[in-house]
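Quick caveat, the model's predicted, so the values are computed rather than measured. Numbering starts at 1 and runs along the sequence shown.
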Amino acid sequence: MTALLTGRAISRRYLLPRTSLRGPAPVREALVGVDIDIDEHETVAIIGESGSGKSTLVRILLGLDAATSGQVRFGGREVTPGPASRTRWLRRETGIVLQDPYASLDPRRTVGHAVGQPLRALRVPGDHDRQVAQVLERVGLHAWRARQYPHELSGGQRQRVALARAIVHGPRLLVGDEPLSALDVTIRAQVLDLLRELHEERGMGVVLVSHDIGLVQHLAARVHVLHDGRVVEHGPAETVLTAPAAAYTRELLAAVPRIPAPTP
């Protein structure tokens with residue numbers, strides 16, 4: 001496969017508030033020497049407990065934050081954070097779905113306005129109203145939902161709106177940062193099926209950030225396991241999740257709740 005997105009030796013350090021006037025300011029190592037590859041049309045999961053560096057890594061890969069050191073390239077082109085004029089090309093190639101769909105939608109704007117925002121910002125040609133209607137129908141919402149406001153929708157419907165906004169401009173890479181964790185079990189299964197269908201029919205690469213092992217098992221082809229800002233294990237999802245080599249991965253999988261089999 002051809003590499004769509006690559007990260008090499010990515011590190012991110014944050015200066016913490018001083019606790020003393022003497023000596024250097026304390027430093028938090030959010031990421032340490034992370035390497036990652038996402039190939040064309042591939043689904044890759046990044047897993048780890050809270051605070052492991054998953055969201056920081058995604059922000060750097062999308063050019064929303066700058067690495068302290070290391071390099072990110074998308075389609076062979078270097079990713080450099082900066083003003084919209086510098087990053088518009090990357091926004092055209094990527095879409096993101098966040099954990100809380102309600103917080104990511106402006107309550108003062110209609111669904112149609114929210115979904116059409118990437119088309120306007122990226123100056124995508126064509127009939128935007130028609131494109132919005134088409135993508136709403138594709139994610140399982142009637143086109144008339146475009147006239148509604150976020151508070152008039154259920155949580156599952158809002159997440160479908162967020163997904164529609166992320167794919168309306170036809171990106172090559174879709175990033176989901178805990179995209180299903182705010183949904184109940186039934187809706188989560190429906191949106192999971194929708195993600196799989198969109199990946200298959202559009203051929204998008206997908207980066208899935210999650211602590212939901214069940215979700216990762218159903219969607220990802222490869223897995224990177226993050227612990228304290230370092231990749232401790234990576235490989236095919238089936239191998240990593242069924243026969244992990246790293247002790248941390250085994251601990252992570254052992255912590256997943258399991259329903260005991262019924263007694264005969």
Q: Could you name each residue pair satisfying salt bridge (Lys or Arg N to Asp or Glu O under 4.0 Å) that touches residues 85-98, not counting sequence neighbours?
A: Glu93-Arg172
Q: With Val175 as reference, evaluate Leu208, Val207, Val97 under the side-chain contact (heavy atoms from CB on, under 4.5 Å) test and give the passing residue.
A: Val207
Q: Under 3.5 Å, which donor-acceptor pairs link side chains of residues 46-62 to any protein atom two or more places apart or in another chain?
A:
unit_1 : atom_1 : unit_2 : atom_2 : d
Glu49  : OE2    : Tyr248 : OH     : 3.4
Ser52  : OG     : Glu49  : O      : 2.8
Lys54  : NZ     : Gly48  : O      : 2.9
Lys54  : NZ     : Glu49  : O      : 3.2
Ser55  : OG     : Asp177 : OD1    : 3.4
Ser55  : OG     : Asp177 : OD2    : 3.1
Arg59  : NH2    : Leu64  : O      : 3.1

Q: Which heavy atom of Ala166 sits nearest to which heavy atom of Leu174, and what is that distance?
A: CB-CD1, 3.7 Å
Q: List in chain and number order the residues that pass salt bridge (charged side-chain N to carboxylate O under 4.0 Å, His left out) with Arg77, two or more places apart in sequence or in another chain; answer none if no residue qualifies.
A: none
Q: Once rounded to the nearest 0.5 Å, what's the spacing between atom CZ of Arg158 and atom CG of Leu141?
A: 12.0 Å
Q: Would you please name every residue forming a salt bridge (charged side-chain N to carboxylate O under 4.0 Å, His left out) with Glu251, sequence neighbours left out?
A: none
Q: Got a second to check how far Gln217's CD is from Leu253's CG, nearest 0.5 Å?
A: 8.0 Å
Q: What pairs meet the salt bridge (Lys or Arg N to Asp or Glu O under 4.0 Å) rule with one or both residues in residues 109-132, with sequence neighbours excluded?
A: none
Q: Going by salt bridge (charged side-chain N to carboxylate O under 4.0 Å, His left out), name the residues that satisfy it together with Asp65, two or more places apart in sequence or in a different chain.
A: Arg12
Q: Quick one: salt bridge (Lys or Arg N to Asp or Glu O under 4.0 Å) pairs with a partner in residues 232-243, sequence neighbours left out?
A: none
Q: Can you name the side chain to side chain contact (heavy atoms under 4.5 Å, CB included) partners of Asp37, sequence neighbours left out?
A: Thr6, Arg8, Arg222
Q: Taking salt bridge (charged side-chain N to carboxylate O under 4.0 Å, His left out) as the test, write out the residues that go with Glu201, two or more places apart.
A: Arg138
Q: Is atom NE2 of His234 surrounded by more than 12 heavy atoms (other residues, nucleotides or ligands) closer than 6.0 Å?
A: no
Q: Could you check whether any side-chain N or O of Thr87 sits under 3.5 Å from a backbone N or O of Leu90, counting only pairs where one atom can act as donor and the other as acceptor?
A: no
Q: Say you draw a straight line from CG of Leu98 to CD of Glu178; how long is it, rounded to the nearest 0.5 Å?
A: 11.0 Å
Q: Name all residues meeting the side chain to side chain donor-acceptor pair (under 3.5 Å) criterion together with His128; count only those two or more places apart in sequence or in a different chain, and write none if there are none.
A: none
Q: List for me each residue that meets side chain to side chain contact (heavy atoms under 4.5 Å, CB included) alongside Ala121, sequence neighbours excluded, and say none if there are none.
A: Gln117
Q: How close do Ala3 and Asp39 get, heavy atom to heavy atom, and via which atoms?
A: CA-OD1, 3.4 Å
Q: Considering the options Val206, Leu163, Asp193, which one meets the side-chain contact (heavy atoms from CB on, under 4.5 Å) requirement together with Leu198?
A: Leu163
Q: Which residues end up grouped with Tyr149 if you chain together Ile, Leu, Val, Met, Phe, Trp and Tyr wherever their side-chain heavy atoms are less than 4.5 Å apart?
A: none
